[in-house]
Amino acid sequence: MREIARRVPDTNTDGRAPDFINRPGCNNDIIHISIIILFITIIIRGSIFSNETDVPCPFGTFKCPEGKCIPQTSVCNYQKDCDKGEDELNHCPPPECEPGQISCGQYVFNKTYCIPPHYKCDMTIDCVDGTDESDCTYRKCQSDDIRCGAPSLGVSLNGRTAEICVPKEKRCDGYLDCRTGKDEEGCTGTACRLDQFRCANGARCIDTSLKCNHKNDCGDNSDELGCSKFTQHPQPPAGTSPVANRNSRPPDFPPCHGGQFRCTNALCIPATFHCDGYHDCSDESDEANCTAIACPDNKFLCPRGGPNGQAKCIVKSKLCDGKRDCEDGTDEETACCKYLDAVEIRLRNETLHPNSWIEKIR
């Protein structure tokens, strides 16, 4: 006989709530153990992951002390991604310095590592390890020198910060020989850093990399005067200015060889590029004062000319014949479309045999 399911009463007959744990037929031990395990799990998880910093980061990421997870590629990228920059303090390699700069002996994130050459032995400590002022011989101040003042992180001599001086000849020479700028106070024109080039008009400073680059960056063309295979002056002896010979000028650019054309800005280009209808010189001087060259009606003008740089006309029957008759190959490239279109139109209008028409234009 089936037993009819009965609804469990909400209360016992005495008014108390039903005791599910101690009900007849229940495995009381299993229930007690399950409850204990549940409470232990809650306590353990609460102690392990009590806050955000306890949550583990996925594979391929870096965990910051504050709990933030960042991509592994963001570690040692010279940018602070963790709140206190811990992602850049993990034995990171030093960065590469810009051309013309020198490096300090020790790399520390967010501290000076690359410095211009004139910061070496200038009695001002720039590197965190002080290597920019090591093995230096300093010039003693003279009575008529310009006093630059003591730097905030200067070299200590005889227990006190040494004062920096520059010769009186540096006064108003257009360059900041004093890093405080005192040697240029009250002077006319623009004062430039020692690693810059000062234009002759005194109105502009440009990077030394722009000197002798065949472009008028100064506006008065002074950056292109006295140019040769321009190289930086060698490093001066310790304690001397790296621009002591900045007014000396090397000889002019060497002349172009026989197969070249010299642009007005002294750049050399192939002679075949002269008067070919294209601006190859940045100053466009290769197309100045050129006379247009015309070929007879039955010939095609090669835009780049012949091997000797002279104008070259070829008969139109050589167009699109699979052979490069023009130096730049235009007889087999751009000219083909125009030539074949003309042949097709002519055939349609005059109903002539192609061979007879080609013979006619030869």
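Worth knowing before you read on, the calculation uses all heavy atoms, side chains too, and leaves out hydrogens, waters and symmetry mates.
- Asp81 places none of its side-chain heavy atoms less than 4.5 Å from the side chain of Cys64.
- In this structure, Ser222 and Asn201 have side chains that are not in contact, with every pair of non-hydrogen atoms separated by 4.5 Å or more.
- Cys114 places none of its side-chain heavy atoms less than 4.5 Å from the side chain of Glu98.
- For the salt bridge (charged side-chain N to carboxylate O under 4.0 Å, His left out) test, no residue two or more places apart in sequence or in another chain qualifies with Asp217.
- Of all heavy-atom pairs spanning Cys148 and Thr180, the tightest one is O-OG1, 2.9 Å.
- In this structure the side chain of Arg139 reaches within 4.5 angstrom of the side chain of Pro167, judged on heavy atoms.
- Under the 3.5 Å distance criterion, the side-chain polar atoms of Glu133 are matched with a main-chain donor or acceptor of Asp122.
- Connection of Leu194 to Leu176 is not established within any shared hydrophobic cluster, with ILVMFWY side chains joined at heavy-atom distances below 4.5 Å, either directly or through further cluster members.
- Judged by distance alone, the side chain of Asp183 and the main-chain N or O of Asp177 form a donor-acceptor pair under 3.5 Å.
- Classification of Arg179 and Asp126 as a salt-bridged pair holds, one side-chain N sitting under 4.0 Å from a carboxylate O.
- Checking side-chain atoms of Glu66 against main-chain N and O of Asp83 turns up a donor-acceptor pair under 3.5 Å.
- Taking CG of Asp87 as the start and OG1 of Thr73 as the end, the distance is 11.0 Å to the nearest 0.5 Å.
- Formation of a donor-acceptor pair under 3.5 Å by the Lys120 side chain with backbone atoms of Ser134 is found in this model.
- Formation of a donor-acceptor pair under 3.5 Å by the Gln196 side chain with backbone atoms of Thr208 is not found in this model.
- Taking the side chain as every heavy atom from C-beta outward, Cys187 and Arg171 approach each other to under 4.5 Å.
- In this structure Lys84 satisfies the salt bridge (charged side-chain N to carboxylate O under 4.0 Å, His left out) test with no other residue, sequence neighbours excluded.
- SG atoms of Cys165 and Cys141 are separated by less than 2.5 angstrom, consistent with a disulfide link.
- For the salt bridge (charged side-chain N to carboxylate O under 4.0 Å, His left out) test, residues two or more places apart in sequence or in another chain that qualify with Arg193 are Asp195.
- For the atom pair Cys76 SG and Phe62 CZ, the distance stands at 8.5 Å (nearest 0.5 Å).
- Between Val75 and Glu88, the closest heavy-atom pair is C-OE2, 4.0 Å.
- Of all the heavy atoms in Asp132 and Thr124, the pair that sits closest is OD2-O, 3.1 Å.
- Under 3.5 Å, the side chains of Asp207 and Ser209 contain no donor-acceptor pair of N or O atoms.
- Remark: Glu96 CD is loosely packed, at most 12 non-hydrogen atoms of other residues, nucleotides or ligands lying under 6.0 Å away.
- A salt bridge is absent between Asp173 and Arg198; no separation between the charged side-chain nitrogens and carboxylate oxygens falls under 4.0 Å.
- The minimum heavy-atom distance linking Cys127 with Ile115 is given by the pair SG-CD1, 4.3 Å.
- Residues Val166 and Cys178 come closest through the heavy atom pair CG2-SG, 3.8 Å.
- Side chain of Lys316 to backbone of Phe300: no donor-acceptor contact under 3.5 angstrom is found.
- Here the side chain of Ser285 pairs no donor or acceptor atom with the backbone of Cys263 at under 3.5 angstrom.
- Here the straight-line distance linking atom NZ of Lys168 with atom CG of Asp145 works out to 9.0 Å at 0.5 Å rounding.
- Atom SG in Cys121 sits 8.0 Å away from atom CG in Asp135 (nearest 0.5 Å).
- Between the side chain of Asn216 and the backbone N or O of Asn221, at least one donor-acceptor pair lies under 3.5 Å.
- The two residues Asp321 and Lys318 make their nearest non-hydrogen contact at OD1-O, 2.9 Å.
- The side-chain heavy atoms of Tyr78 and Pro93, taken from C-beta on, include a pair separated by under 4.5 Å.
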Test Asp223 against Cys199 for side-chain contact (heavy atoms from CB on, under 4.5 Å), laying out the working first. CA-CA 7 Å; Asp223 55 313; Cys199 302; 5.6 Å; no
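- Between Asn213 and Glu224 there is a side-chain heavy-atom pair separated by less than 4.5 Å.
- Of the possible polar contacts, none joining the Glu184 side chain to the Lys182 backbone as a donor-acceptor pair under 3.5 Å is found.
- Rounding to the nearest 0.5 angstrom, the gap separating the SG atom in Cys172 from the CD atom in Glu185 is 10.0 Å.
- Following chains of ILVMFWY side-chain contacts shorter than 4.5 Å, one can reach Tyr113 starting from Phe109, so the two form part of one hydrophobic cluster.
- Side-chain atoms of Asp129 come within 3.5 Å of backbone atoms of Gln106 as a donor-acceptor pair (strictly under, hydrogens ignored).
- Put simply, the side chain of Cys281 does not reach to within 4.5 Å of the side chain of Thr264, judged on heavy atoms.
- Note: Leu210 CG to Cys218 SG = 8.5 Å, rounded to the nearest 0.5 Å.
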